[in-house]
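Computed over heavy atoms, backbone and side chain alike; hydrogens, waters and symmetry mates excluded.
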Amino acid sequence: MKRLPVGVQVYSIREDAEKNFLKTMTDIKNMGYDGVELAGLYGYTPEKIKEMLEGIGLIPISAHVPYEELKNDLKGTVEKYRIIGCRYLVIPYLVEEKRYGTEAFDQFLKDVPVIAEECNKFGITLLYHNHDFEFARTKDGSYVLDFIYGQFPEQVLKAEIDTCWVKYSGVEPTAYMKQYANRCPVVHLKDYNGADPFEFRALGQGVQDISSLLETSIEIGAEWIIVEQDEHSGHSAMEDMRLSREYLRSLNW
């Protein structure tokens, strides 16, 4: 079976990255990860981030960049990640006052093609990363996430499906992923306990069928798997990243 490369969303290990970015990235590489998805630059210049990642041998796959940052300084923001070498920029979240049903959401829909055009100038593809709130229903009964993607051709906006939030919303993630075959170059693998209170887990320690998610990622034409774990309990952030990578390795990944 084909094996996709595996990266880490740096938000998962943000405190370690803040303390010592170079050491943290080196440790991630030594765990067997192939790349990273950035979540900020931790006070470094884009040139320095590029230098460090190249020296370690980690690929700068993508970056989560707040919509507000892109809106306030589109050219400058895209330029930062062009320098680093990211292939994808990802809008990671919409604050509550900018979600479906607000005037700000309507403006967001108008801004997406503008952001995508600036990205495309440098060979960068714009993605949108979901949480659970996009699985609320629109006036016509569709999911908000489907509504968002339905507004644009895939050349303008592609998907970064977060499989945890899909399942948490009560939707079967592999079936949902298949709806966006060839439009989802990056898949977020994330596990959780499935109980109350909700807690994130390292891969293989929660309710997700990781094997099926991996197989489906290949089937839909994904190019990267990204491990993300927003919070940690019982283990350190880096230990959770190690456990997740070891679990993938146990699946011959």
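- Both Met241 and Val10 sit in one connected hydrophobic cluster of ILVMFWY residues. Membership requires side-chain heavy atoms under 4.5 Å apart, directly or through other members.
- Rounded to the nearest 0.5 angstrom, Leu189 CG and Ser244 OG are separated by 9.0 Å.
- Between Ile161 and Val186, the closest side-chain pair of non-hydrogen atoms is not below 4.5 Å.
- The aromatic rings of Tyr192 and Phe198 sit parallel to each other, their planes meeting at less than 30°, with 60° as the upper class boundary.
- Between Cys164 and the choices His188, Lys190, His131, the side chain to side chain contact (heavy atoms under 4.5 Å, CB included) rule is met once, by Lys190.
- A cation-pi contact, defined as under 6.0 Å to the ring centre and within 45° of the axis, links Arg14 to Tyr11.
- Evaluated for a side chain to side chain donor-acceptor pair (under 3.5 Å) with Ser62, the options Glu37, His129, Glu160, Gln9 yield exactly one hit, Glu37.
- Tyr143 and Arg137 are linked by a side-chain donor-acceptor pair at a separation below 3.5 angstrom, with hydrogens and angles left out of the test.
- Here CG of Leu70 is found 5.5 Å from OG1 of Thr77. Values are rounded to the nearest 0.5 Å.
- Arg99 and Phe105 make their closest contact through O-CB, 3.0 Å (heavy atoms, listed as atom of the first residue, atom of the second, distance).
- Across Gly221 and Asn182, no two heavy atoms sit closer than the pair CA-OD1, 4.3 Å.
- For the pair Arg245/Arg242, no side-chain contact is recorded, criterion being any heavy-atom separation below 4.5 Å from C-beta on.
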Checklist line | Worked check of salt bridge (charged side-chain N to carboxylate O under 4.0 Å, His left out) between Glu246 and Arg249 | finding: CA-CA 5 Å; Glu246 287 184 353; Arg249 197 173 286 116; 5.4 Å; no
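- Inter-residue side-chain proximity for Leu89 and Val78 is flagged as met; some heavy-atom pair is nearer than 4.5 Å.
- To the nearest 0.5 Å, atom CD1 of residue Ile115 and atom CZ of residue Phe108 are 7.0 Å apart.
- Between the side chains of Gln208 and Asp191, no donor-acceptor pair is found at a separation under 3.5 Å.
- In Glu15, the CD atom is not crowded: 12 or fewer heavy atoms of neighbouring residues, nucleotides or ligands sit closer than 6.0 Å.
- Shown here is Lys23, whose NZ atom has no more than 12 heavy atoms of other residues, nucleotides or ligands within 6.0 Å.
- Across Asn130 and Asp162, no two heavy atoms sit closer than the pair OD1-N, 2.8 Å.
- There is no side-chain donor-acceptor pair under 3.5 Å between Arg87 and Tyr81.
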Next item on the list: Starting from the C-alpha separation in whole Å, work towards a yes-or-no answer on side chain to side chain contact (heavy atoms under 4.5 Å, CB included) for Tyr42 and Glu18.
Entry: CA-CA 6 Å; Tyr42 299 96; Glu18 184 71 41; 3.2 Å; yes
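- Here the side chains of Met238 and Met31 are in contact, with some heavy-atom distance below 4.5 Å.
- Annotation for Glu96: atom CD does not count as buried by contact number, only 12 or fewer foreign heavy atoms lying within 6.0 Å.
- Closest heavy-atom contact between Pro46 and Ile84: O-CG1, 3.5 Å.
- More than 12 heavy atoms of other residues, nucleotides or ligands lie within 6.0 Å of NZ in Lys29, so this atom counts as buried by the packing criterion.
- Across Leu53, Ile226, Ile61, a single residue satisfies side chain to side chain contact (heavy atoms under 4.5 Å, CB included) together with Val36, and that is Leu53.
- Under the 4.5 Å side-chain criterion, counting only non-hydrogen atoms from C-beta, Ile225 is not in contact with Pro5.
- A heavy-atom distance below 4.5 Å is not found between the side chains of Phe200 and Asp240.
- Using a 4.5 Å cut-off between side-chain heavy atoms of Ile, Leu, Val, Met, Phe, Trp and Tyr, with links allowed through other members, Trp165 and Val171 fall into different hydrophobic clusters.
- Atom-to-atom distance recorded for Lys178:NZ and Thr216:OG1 is 5.0 Å, nearest 0.5 angstrom.
- Here Arg201 contributes atom CZ and Asn193 contributes atom CG; the two are 5.0 Å apart, rounded to the nearest 0.5 Å.
- The closest side-chain heavy-atom distance from Pro113 to Phe152 is below 4.5 Å.
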Check: Can Glu215 and Glu219 be said to form a side chain to side chain contact (heavy atoms under 4.5 Å, CB included), step by step?
Finding: CA-CA 6 Å; Glu215 291 171 7; Glu219 183 180 338; over 6 Å; no
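- Donor-acceptor pairing under 3.5 Å is recorded for the side chains of Glu223 and Tyr88.
- Glu79 meets the salt bridge (charged side-chain N to carboxylate O under 4.0 Å, His left out) test with Arg82; sequence neighbours excluded.
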Item checked: Working for side chain to side chain contact (heavy atoms under 4.5 Å, CB included), residues Leu4 and Trp253 -> CA-CA 8 Å; Leu4 300 178; Trp253 202 276; 3.8 Å; yes
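- With hydrogens and angles disregarded, no donor-acceptor distance shorter than 3.5 Å links the side chain of Ser142 to the backbone of Asp146.
- A donor atom on one side chain and an acceptor atom on the other are not found under 3.5 Å apart for Ser12 and Gln229.
- Val187 and Ile59 end up in different hydrophobic clusters when Ile, Leu, Val, Met, Phe, Trp and Tyr side chains are linked at under 4.5 Å.
- Using a 4.5 Å cut-off on side-chain heavy atoms (C-beta onward), Leu126 and Lys158 make no contact.
- Under the 3.5 Å distance criterion, with hydrogens and angles disregarded, a donor-acceptor pair is assigned to the side chains of Glu134 and Tyr128.
- For the residue pair Tyr100/Asp106, the side-chain donor-acceptor check at 3.5 Å is not satisfied.
- Classification of Lys50 and Glu47 as a salt-bridged pair fails, no side-chain N sitting under 4.0 Å from a carboxylate O.
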Checklist line | Residues Lys71, Glu68; criterion salt bridge (charged side-chain N to carboxylate O under 4.0 Å, His left out); working and verdict | finding: CA-CA 5 Å; Lys71 186 174 174 63; Glu68 292 75 13; over 6 Å; no
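- Counting non-hydrogen atoms of other residues, nucleotides and ligands closer than 6.0 Å to OH of Tyr168 gives a total of 12 or fewer.
- The hydrophobic cluster containing Ile148 also contains Val114, counting ILVMFWY residues as joined when their side-chain heavy atoms lie under 4.5 angstrom apart, directly or transitively.
- Between the side chains of Glu172 and Thr174, at least one donor N or O lies within less than 3.5 Å of an accepting N or O.
- Heavy atoms only, all atoms of each residue included: Leu38 and Cys86 are closest at CD1-SG, 4.3 Å.
- Here the two rings, on Tyr149 and Phe147, have centers that are 6.0 Å apart or farther.
- A donor-acceptor pair shorter than 3.5 Å cannot be found between the side chains of Glu239 and His232.
- In terms of hydrophobic clustering, with Ile, Leu, Val, Met, Phe, Trp and Tyr side chains grouped at heavy-atom distances under 4.5 Å, Leu213 and Leu243 are assigned to different clusters.
- Summarising the geometry, atom CD belonging to Glu69 is positioned 11.5 Å from atom CD1 belonging to Ile91; distances are rounded to the nearest 0.5 Å.
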Checklist line | Criterion side chain to side chain contact (heavy atoms under 4.5 Å, CB included) on Leu214 and Leu248, from CA distance to verdict | finding: CA-CA 9 Å; Leu214 290 168; Leu248 291 175; 3.9 Å; yes
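- Shortest non-hydrogen contact noted between Leu94 and Phe133 is O-CZ, 3.6 Å.
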